[in-house]
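Atoms within each ligand, like the ligands themselves, are counted from 1 in listed order. As the structure is a prediction and not an experimental result, all values here were calculated from the model.
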Amino acid sequence: MKIYRTVDYQEMSRMAASILAAQIQQKPDCVLGLATGSTPIGMYDELVRQYQDGTLDFSLVKSVNLDEYKGLTREDEQSYSYFMNQHLFGRVNIHPENTYLPDGTQTDAGAECTRYEEVISRLGGVDLQVLGIGRNGHIGFNEPADSFARATHCVELTPSTIDANKRFFEKEEDVPRQAYTMGIGTIMRARRILLLASGADKAEALRGALYGPVTPRLPASILQFHPDVTVIADEAAFSAVR
Ligand code: PGA
């Protein structure tokens, strides 16, 4: 595991973008595993800047996202599909047909999860997976549990996640209670992983993930077993590590 400590969110975002940019330059038709939430927004802004400068070309890039709320359409402003269009896809020359997310409108969870795993296999797997970390140590929407989920599945969000995500909605009741997410097994099959964390509210989860026991009660701790993980986190996120 390579661990980088940055001064602040901006430096974390720039360093993360440089790793994605290098991946795209080395393999222009790479498969990126992408994440939503506040954490990667600065990284996406920096990638857009490099695209506008003419130094980065997304024309052959493919992407698969970690998760999507169940019950929301792609056009819903709270959907992760909408988020990705706003922050990245709509601002660079990636082909929309090369971008994949779970389909939140599918009510047959089993069929949708199988379909999504097949999409990832058909693409040849993920070259570089970007992850944020939840305050409870979740990755994607893999919430603390008694065991690690292997494949894409439908989850019930925990009260902690609903509370953390309600800031994006008008009221807490509007936060969907279920989501489709890649499983821990799906994430662990990515060839490389980039974990990002910013802010003191992630400090305990990050410390546990990097230095605590590997346990499904703190899903990000599984990353200790992955052979190629890079962690970039700012000082506030490292404040529980002494
Ligand atoms: P955040 O979420 O980037 O909005 O803090 C990260 C996560 O929950 O994985």
Report all side-chain donor-acceptor pairs from residues 149-157 shorter than 3.5 Å, counting only partners two or more places apart or in another chain.
residue	atom	partner	partner atom	Å
T152	OG1	E117	OE2	2.7
H153	ND1	A151	O	2.8
E156	OE2	Q178	NE2	2.8

Go through the side-chain N and O atoms of S81 and E68 and say whether any donor and acceptor fall under 3.5 Å apart.
-> no
| query | Does R177 reach the main-chain N or O of V175 with its side chain, forming a donor-acceptor pair under 3.5 Å? | reply | yes
In terms of heavy-atom contacts, Y180 and Q106 come closest through OH-O, 2.5 Å
Give a yes or no on whether a salt bridge exists between D174 and K166, defined as a side-chain N under 4.0 angstrom from a carboxylate O. no
task = Tell me yes or no: between the side chains of D127 and Q23, is some donor less than 3.5 Å from an acceptor?
result = no
Protein neighbours of ligand 1 with a heavy atom under 4.0 Å, given by chain and number, are G37, S38, T39, G132, I133, G134, H138, R167, K202
